[in-house]
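To keep things clear, I will list the structure first and then write my remarks on it.
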Amino acid sequence: MSTAEPRGILFDLDGTLVDSLPDIIDSFLHGFAHLGLTAPSHDEVRALIGQPLEAMYTVFAPEHVPTLCKVYREHYPANFHRRSRPFRGVRRTLSALRERGYLLAVATTKRGDMARRFVEAMGLSDVLHHVQGTDGFPHKPAPDVLYRALDALGTSGLWMVGDTTLDVRAGQAAGLRTYAVTWGTHSQAELASASPDELQPDLERLLDLLPPRR
Ligand SMILES: [Mg+2]
């Protein structure tokens, strides 16, 4: 097998591989209670997940962003696995793709250290070749985190898989085919507006799209 052949598959983490939104929302709202501020609704927060923390807090409390981020970054690492778990079939799908000769990486807006801890806690470290966080460079929809993930894999990419239009746009910007799942943050209609190549309720279709390599 030539190493020049593209065989990289990139996955967003939160809302794509792992049903982590309830823990993220709980930690996000914790800061408002901590500071005695009026909190936004779950749905208002959920709609913004996938964006950097600073951008999310700016929407609701622009004058308190540094403090809210600090409180979140203390609360979330102690509470991130209370309710989070991989979506149904994720581990099986990743294992099958890996056995078929593809190289698999996470490309997330989470910070790298937190992303690696989270993947480990969810029991997915051994089925992924790399976990790439966003540490001090432009976040999705910029393609930077995707390029870094592919550099780490040592291959070029085939697919970007994600649950938001940010993932789809980042994949398109990096020249990848894009696969959107409807079980995460953005609705089917919202995802369709970004014109992904695939729009699916789960990851099952990936196994049809990615046959075993020779
Ligand atoms: Mg996501």
Side-chain angles (χ1 to χ4, degrees), residues 1-21 49-50 85-110 115 118-119 122-134 140-214:
M1 182 190 303
S2 163
T3 53
E5 290 177 53
R7 56 190 184 122
I9 317 292
L10 304 182
F11 297 88
D12 172 60
L13 184 56
D14 297 299
T16 299
L17 297 182
V18 177
D19 185 5
S20 52
L21 305 187
I49 290 178
R85 61 193 180 286
F87 284 109
R88 179 181 49 80
V90 161
R91 198 186 153 78
R92 176 169 43 85
T93 302
L94 296 180
S95 298
L97 292 173
R98 189 176 168 125
E99 282 167 18
R100 291 178 182 189
Y102 297 97
L103 296 175
L104 313 180
V106 158
T108 177
T109 302
K110 259 188 168 62
F118 189 53
V119 164
M122 293 298 112
L124 296 175
S125 293
D126 63 326
V127 287
L128 291 161
H129 295 92
H130 180 68
V131 176
Q132 180 64 55
T134 300
K140 294 180 275 187
D144 301 46
V145 67
L146 282 62
Y147 287 137
R148 286 179 193 239
L150 291 170
D151 279 351
L153 292 177
T155 186
S156 47
L158 292 168
W159 287 90
M160 172 66 198
V161 183
D163 71 312
T164 71
T165 56
L166 302 173
D167 299 308
V168 174
R169 297 212 167 91
Q172 290 164 341
L176 307 183
R177 281 176 281 170
T178 56
Y179 185 111
V181 287
T182 57
W183 64 20
T185 301
H186 281 174
S187 68
Q188 185 160 340
E190 200 164 6
L191 288 165
S193 74
S195 303
D197 296 291
E198 292 283 334
L199 182 54
Q200 299 289 340
D202 54 37
L203 298 180
E204 296 298 320
R205 170 93 180 124
L206 267 185
L207 295 176
D208 299 331
L209 296 165
L210 294 164
R213 298 172 56 83
R214 284 182 290 116

Measure across [X] and [Y] and return the closest heavy-atom pair with its distance rounded to 0.1 Å.
X: Asp14; Y: Ser20; result: OD1-OG, 2.6 Å
X: Thr165; Y: Ser193; result: CG2-OG, 4.2 Å
X: Leu21; Y: Gly184; result: CD1-C, 4.2 Å
X: Pro6; Y: Gly157; result: CB-O, 3.9 Å
X: Ala149; Y: Leu10; result: CB-CD2, 3.8 Å
X: Asp12; Y: Lys140; result: OD1-NZ, 2.9 Å

**Request:** Please name all residues satisfying side chain to side chain contact (heavy atoms under 4.5 Å, CB included) with Ala142, sequence neighbours left out, ordered by chain then number.
**Result:** Pro138, Asp144

**Candidates Leu97, Thr93, Leu124, Val127 - the one meeting side-chain contact (heavy atoms from CB on, under 4.5 Å) with Leu104** = Leu97

**Complete:** Only one of Thr182, Thr178, Val181 passes side-chain contact (heavy atoms from CB on, under 4.5 Å) with Leu199, and that residue is Thr182

**Prompt:** Given the rule in the side chain to side chain contact (heavy atoms under 4.5 Å, CB included) test, do Val145 and Thr109 qualify, once you have shown the distances and angles that lead to the verdict?
**Reply:** CA-CA 8 Å; Val145 67; Thr109 302; 5.9 Å; no

Close side-chain approach of [X] and [Y], heavy atoms under 4.5 Å:
X: Leu176; Y: Trp159; value: no
X: Val131; Y: Phe118; value: no
X: Met122; Y: Leu17; value: no
X: Glu204; Y: Arg92; value: yes
X: Phe11; Y: Leu94; value: yes
X: Val90; Y: Leu203; value: yes
X: Arg177; Y: Leu158; value: yes
X: Tyr179; Y: Leu209; value: yes

Look only at the side chain of [X] and the backbone of [Y], and say whether a donor-acceptor pair between them is shorter than 3.5 Å.
X: His130; Y: Leu153; result: no
X: Arg7; Y: Gly101; result: yes
X: Gln172; Y: Ala194; result: yes
X: Arg100; Y: Leu210; result: yes
X: Tyr102; Y: Pro211; result: yes

**Message:** For Arg205, is there an ion pair with Asp208 - N to carboxylate O distance below 4.0 angstrom?
**Reply:** yes

**Item:** Salt-bridge contact Asp126-Arg91 (side-chain N to carboxylate O under 4.0 Å)
**Value:** yes

**Prompt:** Per the side chain to side chain donor-acceptor pair (under 3.5 Å) rule, which among Asp167, Asp163, Thr185, Thr164 passes with Thr16?
**Reply:** Asp163

To the nearest 0.5 Å, what is the distance between [atom1] ([X]) and [atom2] ([Y])?
X: Leu146; Y: Met160; atom1: CG; atom2: CE; result: 5.0 Å
X: Gln200; Y: Gln188; atom1: CD; atom2: CD; result: 9.5 Å
X: Thr155; Y: Glu5; atom1: OG1; atom2: CD; result: 8.5 Å

